[in-house]
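Values in this document were obtained by computation on a predicted structure and should not be read as measured data.
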Amino acid sequence: DVKVTQSSRYLVKRTGEKVFLECVQDMDHENMFWYRQDPGLGLRLIYFSYDVKMKEKGDIPEGYSVSREKKERFSLILESASTNQTSMYLCASSSLDSEETQYFGPGTRLLVL
Amino acid sequence: GNSVTQMEGPVTLSEEAFLTINCTYTATGYPSLFWYVQYPGEGLQLLLKATKADDKGSNKGFEATYRKETTSFHLEKGSVQVSDSAVYFCALSPNDYKLSFGAGTTVTVRA
């Protein structure tokens with residue numbers, strides 16, 4: 001059974017803190033993604049990685065960075081958290097054989113106070 | 001650019017009712033179309049997909065037909081169950097890695 005796991009289901013942080021969200025997939029997928037999900041806006045792509053150490057900006061990369069040191073792990077970093085980054089964060093992965101079919105983790109609900 | 005518009009919710013139905021969620025899209029070329037479902041407390045999972053015009057995707061009693069002439073991909077189920085309560089997302093891909101999602105429609109089915 002395919003699996004994408006995220007390090008935390010719920011997280012509460014203070015404005016200005018550095019925040020790390022971790023995602024691990026066990027499917028040997030090349031592609032990994034970070035989205036944020038907000039009511040009425042659907043999912044918006046923050047960053048995408050197609051290989052180790054490779055990354056591309058998505059639609060809303062401002063205020064975020066990412067790291068992919070190993071194929072199975074993709075980290076999202078909020079350098080200095082702000083209240084407008086309060087959201088649900090979803091990680092996903094896909095293979096090169098079937099790029100448009102993405103497998104999602106359960107999400108991390110982040111609250112920035 | 002690519003975009004997806006789906007009907008706003010929330011939608012509340014009784015068990016065994018007929019469900020339709022409208023989805024229209026704007027895209028260049030011939031994208032693939034998808035419905036993803038998010039059950040409470042879970043991530044999204046692929047429900048069904050169609051890759052070319054007039055294709056019908058189906059799964060778990062849900063169906064959607066890729067209509068190029070109306071740029072639509074409406075989701076239907078003939079008889080819903082309480083377990084179908086979820087958020088449904090329409091999405092498209094220009095046949096690469098990227099997915100563009102609609103805003104999501106929350107469906108609640110009452111017993």
Checklist entry - In this structure, are over 12 heavy atoms from other groups packed under 6.0 Å from B:E16 atom CD? => result no

Checklist outcome for this item: The interface call for A:F48 against chain B, heavy-atom contacts under 4.5 Å, is side chain

Checklist entry - Can you check whether B:L44's main-chain N or O pairs, donor with acceptor, with A:Y103's side chain at less than 3.5 Å? => result no

Checklist entry - If you take all heavy atoms of A:G40 and B:A103, which pair is closest and at what distance? => result O-CB, 3.4 Å

Checklist entry - Is the number of heavy atoms from other residues, nucleotides or ligands under 6.0 Å of A:Y10 OH greater than 12? => result no

Next on the checklist: So for A:S94, is it side chain, backbone, both, or neither that comes closer than 4.5 Å to the heavy atoms of chain B?
Outcome noted: neither

Item to check | Largest heavy-atom contact set with chain B, pairs under 4.5 Å, which of A:F33, A:Y50, A:F104 | outcome: A:F104

Item to check | N/O donor-acceptor pair under 3.5 Å between A:R44 side chain and B:S100 backbone | outcome: no

Next on the checklist: Before you tell me yes or no, could you show the steps for A:D59 and B:K98 under side-chain contact (heavy atoms from CB on, under 4.5 Å), namely the whole-Å CA-CA distance, both residues' side-chain angles and the distance that decides it to 0.1 Å?
Outcome noted: CA-CA 11 Å; A:D59 299 318; B:K98 199 167 182 181; 3.2 Å; yes

Checklist entry - At what distance, to the nearest 0.5 angstrom, does CG of A:L90 lie from CZ of B:F101? => result 8.5 Å

Item to check | Closest non-hydrogen atom pair, B:F89 against A:L43 | outcome: CE2-CD1, 3.7 Å

Next on the checklist: Are B:L99 and A:Y35 packed together at the side-chain level, in the sense that at least one heavy-atom pair is separated by less than 4.5 angstrom?
Outcome noted: yes

Checklist entry - Can you get from A:M88 to A:F20 by hopping between Ile, Leu, Val, Met, Phe, Trp and Tyr side chains that sit under 4.5 Å apart? => result no

Item to check | Euclidean distance, A:Q102 CD relative to B:F34 CZ, rounded to 0.5 Å | outcome: 8.5 Å

Checklist entry - Counting only heavy atoms not in B:E15, do more than 12 fall under 6.0 Å of its CD? => result yes

Checklist entry - Is chain A contacted by the side chain of B:Q38, its backbone, both, or neither, given a heavy-atom distance below 4.5 Å? => result side chain

Next on the checklist: Take a 6.0 Å sphere around OH of B:Y39 and say whether it holds more than 12 heavy atoms from other residues, nucleotides or ligands.
Outcome noted: yes

Item to check | Residue A:E56 versus chain B: region with a heavy atom under 4.5 Å | outcome: side chain

Next on the checklist: Check for me, please, whether B:V109 and B:M7 land in the same ILVMFWY cluster - side-chain distances under 4.5 Å, paths through other members count.
Outcome noted: yes

Item to check | Connected via hydrophobic side-chain network under 4.5 Å: B:V37 and B:F73 | outcome: yes

Item to check | Co-membership, hydrophobic cluster, residues A:W34 and A:V24, 4.5 Å side-chain | outcome: no

Item to check | Greater than 12 external heavy atoms within 6.0 Å of B:K68's NZ | outcome: yes

